[in-house]
Amino acid sequence: MRYMPHTAGERAEMLGKIGVGSIDDLFADIPKEARLDDLLKLPLHASEMEVEKNFRTLASKNLSPYSTPCFLGAGAYQHHIPSVADHIIQRSEFLTAYTPYQPEISQGTLQALFEFQTQVALITGMEVANASMYDGATSCAESILMACRVTRRKKAILSGNLHPHYRETARTALQFTEFSASELPPVVEGAEAFDEYISEEIACVVVQNPDFFGRLQDLTSLAEKCHAVGALLVVVVNEVVSLGAVMSPGEMGADIVAGEGQSIGVPLSFGGPYVGLLATRQKFVRQMPGRLCGQTVDQDGQRGFVLTLSTREQHIRREKATSNICTNAGLCSLAFTIHMSLLGEVGFTKLAKLNHGEAVSAAEALEEIEGVEVVNASFFNEFTLRLPKNAADVVEKLAAKGVLGGVPVSRLIPDQPELENLLLVAVTETCSTADLEKLVSSLKEVL
Amino acid sequence: MRYMPHTAGERAEMLGKIGVGSIDDLFADIPKEARLDDLLKLPLHASEMEVEKNFRTLASKNLSPYSTPCFLGAGAYQHHIPSVADHIIQRSEFLTAYTPYQPEISQGTLQALFEFQTQVALITGMEVANASMYDGATSCAESILMACRVTRRKKAILSGNLHPHYRETARTALQFTEFSASELPPVVEGAEAFDEYISEEIACVVVQNPDFFGRLQDLTSLAEKCHAVGALLVVVVNEVVSLGAVMSPGEMGADIVAGEGQSIGVPLSFGGPYVGLLATRQKFVRQMPGRLCGQTVDQDGQRGFVLTLSTREQHIRREKATSNICTNAGLCSLAFTIHMSLLGEVGFTKLAKLNHGEAVSAAEALEEIEGVEVVNASFFNEFTLRLPKNAADVVEKLAAKGVLGGVPVSRLIPDQPELENLLLVAVTETCSTADLEKLVSSLKEVL
Amino acid sequence: MLNKQGRPTQPSSPNAGNSDMEFETYTGNKALELETPLIFEQGVAGRIGVDMAEPKAVKSRLGGIERKDSIGLPDMSEPQVLRHFVRLSRQNYSIDSGFYPLGSCTMKHNPRINEKVARLAGLGDLHPLQPVSTVQGALELIDSLAHWLKTITGMPAVAMSPAAGAHGELCGVMAIRAAHEAKGQARVRILVPESAHGTNPATAALCGYKVEAVPASKNGRMDLDAFAKKLGPDVAGVMLTNPNTCGLFENDIKKIADMIHEIGGYFYCDGANLNAILGRVRPGDLGVDAMHINLHKTFSTPHGGGGPGSGPVVLSEALAPYAPVPIVTHGVDGYDLTEHVTGDTARSFGRMKAFHGQMGMFIRALAYMQSHGADGLRQIAEDAVLNANYIRVGLQDQLHSPFKGVCMHEALFDDGSLKGTGVTTLDLAKAMIDEGFHPMTMYFPLVVHGAMLIEPTESESRQTLDQFIGTMKHLLAKAHANEEDYFHGAPYFAPRRRLDETGAARNPVLRWSPPAADTSDVDVTFSAAS
Amino acid sequence: MLNKQGRPTQPSSPNAGNSDMEFETYTGNKALELETPLIFEQGVAGRIGVDMAEPKAVKSRLGGIERKDSIGLPDMSEPQVLRHFVRLSRQNYSIDSGFYPLGSCTMKHNPRINEKVARLAGLGDLHPLQPVSTVQGALELIDSLAHWLKTITGMPAVAMSPAAGAHGELCGVMAIRAAHEAKGQARVRILVPESAHGTNPATAALCGYKVEAVPASKNGRMDLDAFAKKLGPDVAGVMLTNPNTCGLFENDIKKIADMIHEIGGYFYCDGANLNAILGRVRPGDLGVDAMHINLHKTFSTPHGGGGPGSGPVVLSEALAPYAPVPIVTHGVDGYDLTEHVTGDTARSFGRMKAFHGQMGMFIRALAYMQSHGADGLRQIAEDAVLNANYIRVGLQDQLHSPFKGVCMHEALFDDGSLKGTGVTTLDLAKAMIDEGFHPMTMYFPLVVHGAMLIEPTESESRQTLDQFIGTMKHLLAKAHANEEDYFHGAPYFAPRRRLDETGAARNPVLRWSPPAADTSDVDVTFSAAS
Ligand SMILES: Cc1ncc(COP(=O)(O)O)c(C=O)c1O
Ligand SMILES: Cc1ncc(COP(=O)(O)O)c(C=O)c1O
């Protein structure tokens, strides 16, 4: 087997040095009755050539959004990833390094993390950010737990327009804790009625911007209402590119920002791995979950970086830790950092404008279609269409024509008749004019 | 433009430091009448996303041999390239380094070259090899010039079964020199009549093994005949994988081996870049063309490697150099070295057996077809079929069915009626049973 | 072998040692060891690293919250960014460049073919919410990975969505709690051995359980009597790592399973060390109810400097009904996805993250499994255990083992043999850095003093193990030759000497701030570089 | 800036300098600087790095020359091979890791998108002898690259097959000789300036011409009078580099073209320095008859540690008919290929290599051109020249320029300012290595003493140029402060100190041989490593 260096001869010699007669002697602690004598009922080892063929075959059974018009969003967005980002994350020293617990020989990973934390803090308008969480949904759940610890309160309010997967993930994470969340119903048009829920019991209000339906809102007054009762405002962002065009959560008064960073540098990859962003105020840092990279100096006085404040973490604090997270989204956060470094201020803001421009002109083209209506007044690069028909059926018909036309709301919020005709349509810089024309014409055909 | 760091402001400041008013002042030496004021009539700069799209479009206009049964050879062979080889040659430190003229910071490239030279010497059965030539054809031409220098003679004999491109390249390279070559006619069946040509005037005989038609021969007696008159035997190998199964040229008495290394680690890439191999006896080394890497020690006594014997080369010897070659096939030789390191003795010989096994069973299956005949008695992984019809027409018809069925001899040796029905068929480890069945059935249909 | 010439590996000079200044470089670089400032110190406003089309001029529909002030991101060109990260990468150690014997982390060879197939068009670029009719290959892939995992572990079910090992623990313990609650039982305690990884107690706490630590026995296993004493009707389950974090197989594991089942509890097995037993024993045959599998350890998806990982959880019949959504199913016309808690999944405890799991890691892990096959998987366990024991025996005269006898995939030593030398486990580790080795896991598990946990994995050649053993012997001899100063000063050759971690925690600087605001003592020597 | 703290960048130690042994490592490694033996010293018979199917058992048709004896290749596993080459790579400098101001070599940014598109299925995997009907996209690609090259140079034709610059020279000069012979003329001399690159005279010799060197004038151009004197009816042509190897534009180039044409000769222009004039002037407007273009310089296909390159040759109407085959043509149903010397190509001088040219480089170069566009190409020339002049002016007080005034893409200095310091151009270069810079081109061109030819290219930022200038000033000050010993000892921090090149040439060891046979003094310290 190409991956294992020992020859039969070497194995025999090594067993001799160890002083046992056979390899079985090293497995003697396994209860006899449980030992396996035969091989598992699985295929034998395969050559690289065969393995590659197997996966090409699997790939050929999927419709690649890269080679077909794609307007899917709802928490995962197709963006162009610069080749430099994918090249760098394949560098042996980044790809095959462990968590940087030995800072003397891990400055590459550590400095990149410090840059990542700074970029996340800057775009969210917050003071500090951690070194990543699994994804946006788990980051959102951890934010709620964090808010409860910070405020020493037990109740959270979840916006009805928070991404359904995020709501379910939060619900799941909270269910066995001393904390709970009340969830508002989805509101497709008009404002959500938070006021009646906001009280001294509340640890935090969790709201998404742009929300699940694509709508943008100014959260300033909501933040003030929260702060007035000593509660925190947790803002969720799952299309971070929007932050290049709209006011940052920090500017609007957010206390914690939970984000999904996939749009910057991370491939769609059927839903994972992605990169969870978590940013907050410096004063809450000791209640933060996840790893933190900090700046320091070495013995010679040279600047260097280390993982720090680990007394928050499970490997030191065990059951008293702020979270159980260990492995996080390291390499995805590196991809994010590289892509964001390439974009810079000029590129990031331009990319956001480009996305909004494409989305607006797409909305205008789609509104033209008989019986099709854009539900939300404001949006960034994704909006909700009300169709004259069941959106899920329409999407299937479009797929048959080789168009990935959008995400039916019912895929994420089932069994709600009033939402069945709603279609989420995302438009990024990857959508060409031809793609849009294909969507419009196909939609006309299937409606 | 993403590749150029200067901003307009920086450019202005730098011009100021230089002490000129405008960029044009730096181009003042260009004759006025020739200066371009307007931009060239070419498109403006394009984003990475656009560029990638352009090339995907071009690629979609080709039939990829990877995704279709392919039996093409004739000097370029489809083999599986281990992913490690392609990964390593993309490492910044190998991909973007220059020729290792500064050995203190080029040991990576240099040690790999030393390993390459050793691998080439070993598989060809020769004492030394150089650091690569452009490709097999130019290596062959350089070998003839080298043989003439070594023997101080002016005439070479080229086998009629030497790859036509190699013959034409040699003819072209020699035409303006004091040297010349007499070319024998192709011999599809039976032996070539070298004897009458071998004399005291001859610098070398150039013969290919396996030859253009795929045939294998024992060259021992030919070597003896050459040596008897003080001439050298130059052996050309353009399917190096064969060396894992058959006697090496060195064993048979070759004085110079000119090879094409593409089969090991180098993609087909529509014909280039490939890697020319050139190996010979230690005593001829000072007449060798191309770079040589040698072992030495550094100031602290540590083993290290350097480019050596450069007094043979153009940058020192100028018009008296053994060749004008400068840039060679560096990265391709690295890919070769990596792939060969992965194969090792066990893998290289097994790969050769695997290829021969596939080829033999393919030959047996094809011989079964009514009117189809395998011309040559012996072969490695490529043989010549005599078809009842014009081979070029048959190949076109097969292509229409999505099968790359072989190379018609007439593609390389045109205007020879007696060769028009001959088809070269190569079978490597990449050909599956299904591929072969498809070829057989398609061939039956078109014949 | 010892460097025979006795050559100094420090740069020698015409008049060596008579002045430090001799060797100062102006840039702070040292030939191929190249410094690079923070990107924020390199930007020049107006540079661009990504070209793109001009935005369409449209009437803004941003709802009146257009961003007004600037963000503060640095502008760089593509070559600058590329060079910056290439230089950073060169300051890292990695499994590709050397031996990485981190106990409990299973740092093994990461095949490149896995990276290649993960990037195939039609796999790496799929959107998670495409109609299932357009992702049949992706669902087949997940289903076949699930089949491999169930076959290897001998368990009937697997939850694919957890994002890492700790997330898998959460999944498993939630399933346990859900099962108890379904029976109307409110159990409050979970038993966890002292030797357990920190994620175990942290996970139990997140599920609202009280964690009770069970001490280790003299032979490095969980103390059975202590365990028995703690058992009771309010115990929800036990979280046991096997092979355990001392590198030993819990030989009473079946008894432990029976005991926990007897009181109506469940057996959670931490599968981080599955590598040691692949194809030799199936957790399903040992009474396990739930176990996470770190695909980034046992099945070699690259650790990436901290992640991402993937932590599928295999489940017993008893716990399977409580598995989280989504679940891949076999529909009438091909594969299907159940994404909501309804019908068949009514008892599911919920959802652990957005979408379907770490697909990118699934692809790599499946490619890794196919490459090994049933024969290769068993060979992995055998060679991993062989290598660990080779090191154990190779160092047994120099290093003190807290527990005698054969080990599994990792060899555990304590700092007993360093007593009186003034050299600590940490000092020894830092000296190993200069020798070109990544240190072993240190001070874990907590049950032994100054722990050194060495996991060579099956990827390493005998030559590497011999060089490692030789180096350790050399360093230990040095430690016993009163060269403690040398150890306290190590490492000498790394990009940085030892870093001030206390200072970092006391005055946390967690982000770059514009110089004005930046009060910390920063070395800006290189801010003009590259 | 100077390293303010005045910190030693050498490893300091508790008792620094009092003993070399202090710093010796057992392995010879230095943290991230990792040694690796030759593969031949690492193999263990029976290991395998590539799995493959079992060969079919067939009756051999090898014609009785089956290989009998073994080859002697070492057997290694995949992880060993990967680690070996990763370690080797880390001993290299590269443009990705730092500034590479090699005059005449144009070491510029190599975009990764070019690597990506070169590997697309349907491009990188095409066989050169597929029916043309199945490679229309490939032929279109070659045709469109040809269009860009002709437009940029203002020349009517281009031969695509040459494999590198020198090969392109051969192509151009052969076309010249073929043209003369077609006119029945047997001209015997070719004029080449003394400053020319070695490939120029070597090429002329390969075409059977006598090479006559033309001296340089005081202002670094070809001496016109000397040139005029050498002209005559037996002169086939002149090979002139423009901008020339002194980094200067041959301002009399049109006159030179006229003069050579007057006597019936042809003007070969060495296009290695095309980067400096992209979009500012077209060689076709200067009277050039043939010019090679190093795609691996001007159009950034990676140099790969020595190659591969690609050297298409643009040709004037006069020489176009003699271009080598193959030639891409526009057929009735799409693109076609003329692969033989017949019909329209009857006057072709032949074939230069197998197949159609360096397709892999064509793809990268075209992607590079499309990325820049007409605007970017012109910007390349402007920034390259701007950067070179910035360095010229930045160092003019410290380094002596043999020729005054503005330069093009590279700044040339001689060693005049080192006189009396005991420090040579080479010493200075080796000290630059420790500072993290690749040395400039040295001792070329031959027309100036101790030449230093500095080509920054357009890829480098002003910060990098400033750091380079600052470093050079620092080193020159050091040289003038009698620290010549420091320079003679440099480099100190590189993987190797200065190597014994004389010894290497005197007793050439060009390959590894089994230890028995190996007589050379080899350090086998590390043969147990990795
Ligand atoms: C024994 C053990 N359990 C659990 C974990 C946590 O796994 P992960 O880091 O994938 O969350 C680890 C990882 O270090 C471990 O070693
Ligand atoms: C001026 C000049 N001419 C010709 C060449 C030869 O080009 P190549 O190395 O591509 O053969 C070079 C390359 O160094 C050069 O600098």
Side-chain angles (χ1 to χ4, degrees), chain B residues 5 29 34 39-40 42 44-45 55 58-59 61-64 66 72 88 91-93 96-97 99 104-105 107-109 118 134 137 165 168 172 176 216 247 269-273 294-296 298-299 303-304 308 314-315 318-319 321 324 327-328 330-331 342 344-345 347 353-354 357 360 378, chain D residues 49-50 55-56 58 63 65 73 75 85 88-89 91-96 117 120 122-123 125-128 131 134 137 163-164 166 198 201-203 205 207-208 211 249 251 285 304-309 350-351 354-355 358-360 373-374 376 461 494 496-497 500 504 509-512 523:
Chain B
D29 282 331
L39 292 182
L40 296 165
L42 292 165
L44 296 183
H45 72 274
F55 282 84
L58 285 169
K61 298 178 185 175
N62 301 318
L63 176 62
S64 157
Y66 197 97
L72 306 183
I88 292 287
R91 290 266 307 167
S92 294
E93 296 90 338
T96 74
T99 308
E104 300 88 347
I105 47 173
Q107 286 299 303
T109 297
T118 306
Y134 303 132
H165 284 175
E168 294 158 22
T172 303
F176 299 132
L216 289 160
M247 280 166 69
S269 192
F270 201 51
Q295 176 178 299
T296 185
D298 79 352
Q299 198 168 320
R303 176 172 69 181
T308 190
Q314 43 73 24
H315 62 279
R318 305 183 70 86
E319 60 267 38
N324 72 333
T327 290
N328 57 18
L331 204 65
L342 286 164
E345 181 90 16
K353 284 192 190 62
L354 182 56
V360 169
S378 68
Chain D
V50 182
K56 293 207 175 93
V58 295
I65 59 166
L73 295 168
D75 292 332
F85 288 100
L88 284 184
S89 73
Q91 297 176 15
N92 275 1
Y93 196 83
S94 70
I95 184 71
D96 277 5
V117 294
L120 289 174
L123 284 181
D125 56 357
L126 296 179
H127 190 284
T134 68
T203 299
C207 296
V211 177
F249 193 92
N251 30 21
D285 298 334
R351 165 179 287 279
F355 310 122
Q358 306 285 72
M359 183 65 162
S461 71
R496 289 292 181 276
R497 306 287 307 283
D500 178 2
V509 179
L510 306 176
R511 62 169 285 182
W512 172 85
D523 174 351

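Numbered from 1 within each chain, the chains take letters A, B, ... in sequence-line order.
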Among [options], residue most engaged with chain D (heavy-atom pairs, under 4.5 Å):
options	answer
B:I105, B:L216, B:V360	B:I105
B:R318, B:Q107, B:E319, B:R91	B:R318
B:S269, B:G357, B:S378, B:A137	B:S269
B:K61, B:Q314, B:H315	B:Q314

D:P308 vs B:L331 side-chain heavy atoms within contact, under 4.5 Å: yes
Close side-chain approach of B:T308 to D:L510, heavy-atom, < 4.5 Å: yes
Calculate, to the nearest 0.5 Å, the distance between atoms [atom1] and [atom2] belonging to [X] and [Y] respectively.
X	Y	atom1	atom2	result
D:R496	B:R303	CZ	CZ	8.5 Å
D:R351	B:E168	CZ	CD	5.0 Å
D:T134	B:N62	OG1	CG	7.5 Å
D:L123	B:F55	CG	CZ	7.5 Å

Spell out, as yes or no, whether a donor-acceptor pair under 3.5 Å connects the side chain of [X] to the backbone of [Y].
X	Y	answer
B:H165	D:F355	yes
D:D125	B:S64	no
B:D298	D:R497	yes
B:T296	D:D500	yes
D:N92	B:E93	yes
B:T118	D:W512	yes
D:Q358	B:G272	no

Hey, which of [options] has the most heavy atom pairs under 4.5 Å with chain B?
options	value
D:A354, D:G376, D:A494, D:C207	D:A354
D:A163, D:P131, D:A205	D:P131
D:G49, D:G63, D:G305, D:G122	D:G305

B:T99 portion near chain D, given a 4.5 angstrom heavy-atom threshold: both
Part of B:L72 within contact of chain D (heavy atom distance under 4.5 Å):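 Contact with chain D is through both the backbone and side chain of B:L72.
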So which heavy atom on [X] is nearest to which on [Y], and how close?
X	Y	answer
B:N324	D:A166	ND2-O, 3.0 Å
B:Y134	D:A164	CE2-CB, 3.7 Å
B:A34	D:D285	CB-O, 4.1 Å
B:A321	D:A202	CB-CB, 4.5 Å
B:L40	D:A374	O-CB, 3.4 Å

